[in-house]
Amino acid sequence: MKRLKKLAIIVGCRFFIAMCLCMFAGVDIIYAQHAESDSITGKVHQIPDVTVSVRKTPQAVKATSPLQVMGKMEMERLGVHEVADAVRHFSGVTVKDYGGIGGLKTISVRSLGTQHTGVIYDGVAVSDCQSGQVDISRFSLDNVSQLTMTIGQSDDIYQTARAFASAGVLTIQTSRPDFQETSYHVNANLKAGSFGLVNPSVLYNQKVTDNTSLSFYGDFLRADGNYPFKMWNGNALIDSKRNNSDIRTYRAEATLYTSFTSTQDLQVKAYLFDSERGLPGGVIYDNPYAAERLFDKNYFGQFRYENRFSDRLKLQALGKFNYSWNRDYNDEASGITDDRYRQTETYLSATLWGDLGKGFSLSLAQDFAYNYLHTTLDQCQFPQRYTLLTALGAQYQRNSFTATASLLNTYITEDVRIGTAAADRKRLSPAFSVSWKPFEEIGLRFRASYKDIFRTPTFNDLYYLVIGNSSLRPETTKQGNLGVTWSGSKLGFLDFLSLSADTYYNKVKDKIVAVPTMFVWKMMNVGKVETIGVDVNLSAESRVTDWLKFYLTTNYSFMQAEDVTDPDSKTWRNQIVYTPRHSGGGNFTIETPWVNLSYNVTYASERYTLAQNLPDYRIKPYSDHGISLSRKFSWKRHQLRVQLDALNLSGKNYEVIRFYPMPGRNYKLSINYYL
């Protein structure tokens with residue numbers, strides 16, 4: 001009760017301060033404007049027509065920190081169908097893929113780990129207090145308009161406090177309906193492919209009034225997933241077929257968009273995800289049997305309200321309730337296990353932004369979250385967590401110079417029904433970034449950023465059976481980045497060219513790892529990781545003729561992420577697990593009036609499955625090649641787009657995770673109808 005009273009006092013004080021700032025910022029400052037006299041009044045002048053065509057500088061080029069953006073048109077050019085496939089084209093990002101359509105897919109930014117990467121869906125954060133990992137395979141690209149990857153400090157200070165609280169953030173923005181020509185839209189899609197894949201989806205948008213519209217999305221996915229594979233396990237060649245790899249998912253969303261006035265908007269979303277999948281497990285030569293089943297149910301409702309009081313003052317409020325249920329069933333030789341997990345989250349946020357004039361702006365964000373976990377495991381402690389996040393952001397923009405700074409205050413308190421709860425955690429986390437364009441005529445920009453942030457131990461880290469450790473400290477990271485960006489138009493045969501190169505240094509302290517003790521393994525703060533890296537991105541466009549156009553995008557990452565915990569350890573200066581030193585990818589697209597051809601490639605160098613970089617723990621490098629052919633047909637208001645994909649052309653069952661072979665050569669057909 002003392003903790004709850006203390007929490008209530010803190011919440012009340014912070015919201016009182018926010019309201020005072022809102023009232024202060026709401027006072028209008030009146031500027032007198034005097035019209036200058038017109039010395040040519042009464043005369044008629046003929047001004048010749050002039051057409052000026054200037055390409056807008058991409059947001060990623062102007063950003064003070066590494067920023068990568070992928071819109072709907074670029075997704076179609078790349079021929080990607082899943083969020084994970086799109087994210088693989090971002091530099092500095094590692095996708096952990098456990099193989100197949102139903103495999104878990106998580107992302108890590110610059111070797112910092114999955115738990116340090118935040119995911120935001122339509123402005124509201126997606127979280128998992130149990131494991132800290134967000135499976136991005138549960139989101140569909142069919143109703144997504146834009147993906148944004150931010151590393152370090154964001155230029156957007158008009159965001160939630162939780163958005164400030166991650167080392168990197170993947171933002172998923174769904175499509176918003178546009179009713180300029182008609183009062184409704186239908187977008188139907190059907191994907192079918194190898195290994196029994198069938199995936200129909202429908203997106204329907206309806207204009208209700210001039211100020212209100214509704215959007216409904218639903219899809220169904222099923223696949224056998226039992227693809228053939230060949231791989232070496234030691235000296236033995238395994239030539240077999242994956243089993244227990246089937247998946248069935250249902251996904252549905254309903255979104256309400258309404259405008260109370262020209263300055264007040266509300267968006268309300270309801271989301272449902274239900275899946276059942278088999279977990280084939282790792283490939284073991286003498287025991288291919290697998291019978292583990294995973295059932296997932298995730299429902300959430302969220303809203304976002306915005307009030308633009310004036311051009312110089314605006315407020316947004318967010319809220320979300322999330323319910324997640326999982327069942328892990330396994331019928332193995334040692335007996336049947338049937339474990340169930342249920343977690344809930346209540347989340348509220350408010351952000352106030354004000355323009356102080358002369359290029360200065362400020363923001364204040366206040367977040368509150370309550371998390372609870374219930375499991376059927378023995379010795380479950382039924383933990384609950386109260387989190388308060390307060391973020392103060394400031395930005396200065398003037399001509400060719402931009403500077404952004406933020407200070408995040410975190411306060412976390414926890415309770416458990418059984419055992420000992422973790423101690424309260426309090427921390428201030430600063431961040432800043434700058435961008436400078438020294439020459440007005442040249443599109444060259446220099447940028448630098450720094451961020452000090454941490455991640456709180458998950459409920460699994462703190463309380464899972466006997467390995468949990470309630471004395472764990474947060475895992476802290478320090479991120480430094482120096483970069484240069486450049487873009488230009490009308491460069492010989494190129495219509496547009498942009499380039500960015502960033503070098504960075506990361507330091508992770510108090511890394512949470514499982515350590516063997518006298519009798520059992522325990523989660524401990526013993527790890528330190530030092531990362532030095534380089535990210536390079538290039539994008540080019542060329543219109544050869546009126547009917548022939550080329551697009552080229554490439555990215556490359558060098559990432560030296562080494563264990564620097566103990567100089568006397570056998571793992572000293574060894575590359576950390578599942579982190580390639582070299583990785584990258586590219587896309588080359590040819591657009592013609594008849595058919596569009598797109599070639600994709602991704603590459604990753606060798607990785608290691610254990611902390612000690614021995615040959616036995618080495619995973620071979622891999623490259624994945626794919627080709628997409630697409631054609632769009634239009635008549636009146638109807639549009640039909642057909643795409644055929646040939647994936648993993650080499651047919652190799654490479655491994656992203658050890659003993660989880662990826663599918664070989666496979667094919668996919670997608671038919672999209674839009675009205």
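Position 1 is the first residue of the sequence, and the numbers go up from there.
Side-chain contact annotation: Q381 with Y464, donor-acceptor N/O pair under 3.5 Å absent. Using modelled atom types, one finds a donor on one side chain and an acceptor on the other under 3.5 Å when comparing T255 with K269. A donor atom on one side chain and an acceptor atom on the other are not found under 3.5 Å apart for Q68 and T148. Between the side chains of Y305 and Q264, a donor-acceptor pair is found at a separation under 3.5 Å. Of the N and O atoms on the side chains of S111 and T531, at least one donor lies less than 3.5 Å from an acceptor on the other residue. Side chains of S349 and D367: a donor-acceptor N/O pair is present below 3.5 angstrom, by distance only. Defined by atom type and a distance below 3.5 Å, a donor-acceptor pair is missing between the side-chain atoms of T376 and D339.
One finds no salt bridge joining D135 and K105 here, because no Lys/Arg side-chain nitrogen approaches an Asp/Glu carboxylate oxygen to under 4.0 Å. Salt bridge absent: K507 and E562 never bring a charged side-chain N and a carboxylate O closer than 4.0 Å.
Rounding to the nearest 0.5 Å places CG of N298 at 8.5 Å from CG of N326. The CG atom of D535 lies 8.0 Å from the CG atom of N481; values are rounded to the nearest 0.5 Å. To the nearest 0.5 Å, atom CG of residue N574 and atom OG1 of residue T565 are 11.0 Å apart. Rounded to the nearest 0.5 angstrom, F459 CZ and T375 OG1 are separated by 11.5 Å. One distance of note links CD of Q479 with CD of Q153; it measures 10.0 Å at 0.5 Å rounding. To the nearest 0.5 Å, the span separating CD1 on I412 from OG1 on T387 amounts to 4.5 Å.
In terms of heavy-atom proximity, G354 sits nearest to L313 at CA-CD1, 4.3 Å. P580 approaches S583 most closely through the heavy-atom pair CG-CB, 4.2 Å. Taking every heavy atom of both residues into account, T117 and S108 meet most closely at OG1-CA, 3.9 Å. Listed here is the closest heavy atom pair of S91 and V536: CB-O, 4.4 Å. Closest approach of S500 to T485, counting heavy atoms only: CB-CG2, 3.8 Å. Contact record, P457 with L472: CG-CB, 3.9 Å, taken as the closest heavy-atom pair.
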Task: R308 and D265: CA distance, side-chain angles, deciding distance, salt bridge (Lys or Arg N to Asp or Glu O under 4.0 Å) verdict - done: CA-CA 9 Å; R308 298 174 294 280; D265 300 320; 2.9 Å; yes
TODO: Given side chain to side chain donor-acceptor pair (under 3.5 Å), test Y505 with E530 step by step and report yes or no.
DONE: CA-CA 8 Å; Y505 174 81; E530 183 180 71; 2.8 Å; yes
Open item on the list: Using the rule given for side chain to side chain donor-acceptor pair (under 3.5 Å), can you reason through D452 versus S429, listing the C-alpha separation, both sets of side-chain angles and the distance that settles it, and then say yes or no?
Closed with: CA-CA 5 Å; D452 183 338; S429 303; 5.2 Å; no
- [ ] Just do the side chain to side chain donor-acceptor pair (under 3.5 Å) check on T571 and D563 with the steps written out, would you?
- [x] CA-CA 6 Å; T571 64; D563 183 344; 3.1 Å; yes
Open item on the list: What verdict does the side chain to side chain donor-acceptor pair (under 3.5 Å) test give for S433 and T64, after you've listed the backbone C-alpha separation in whole Å, the side-chain angles of each residue and the deciding distance to 0.1 Å?
Closed with: CA-CA 6 Å; S433 58; T64 60; 2.7 Å; yes
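Of the possible donor and acceptor atoms, one in the side chain of E475 sits under 3.5 Å from a partner among the backbone N and O of I512. Of the possible polar contacts, none joining the Q302 side chain to the G123 backbone as a donor-acceptor pair under 3.5 Å is found. Under a 3.5 Å cut-off, the side chain of S557 and the backbone N or O of G92 do form a donor-acceptor pair. Side chain of Q343 to main chain of H374: no donor-acceptor pair is present (N/O by atom type, distance under 3.5 Å, no hydrogens or angles). At distances below 3.5 Å, at least one donor-acceptor pair connects side-chain atoms of D122 with backbone N or O atoms of T174. In terms of modelled atom types and a separation under 3.5 Å, the side chain of R251 and the main chain of R138 share a donor-acceptor contact. Between the side chain of K320 and the backbone N or O of L348 there is no donor-acceptor pair closer than 3.5 Å.
Taking the centre and axis of the six-membered ring of Y450, the NZ or CZ atom of K478 falls outside the cone set by 45° and 6.0 Å. A cation-pi arrangement is not found for K297 relative to F273, the charged atom failing to lie both closer than 6.0 Å to the ring centre and inside a 45° cone about the ring normal. At least one test fails for R425 against the ring of Y411: distance under 6.0 Å to the centre or angle within 45° of the axis. Both the sub-6.0 Å distance and the 45° axial angle are not jointly satisfied by R581 relative to the ring of F558.
The environment of K509 atom NZ is sparse: at most 12 non-hydrogen atoms of other residues, nucleotides or ligands sit within 6.0 angstrom.
Between F139 and Y121, the distance separating the two ring centers is shorter than 6.0 angstrom.
Scored by the salt bridge (charged side-chain N to carboxylate O under 4.0 Å, His left out) test, D156 finds no partners at all (sequence neighbours excluded).
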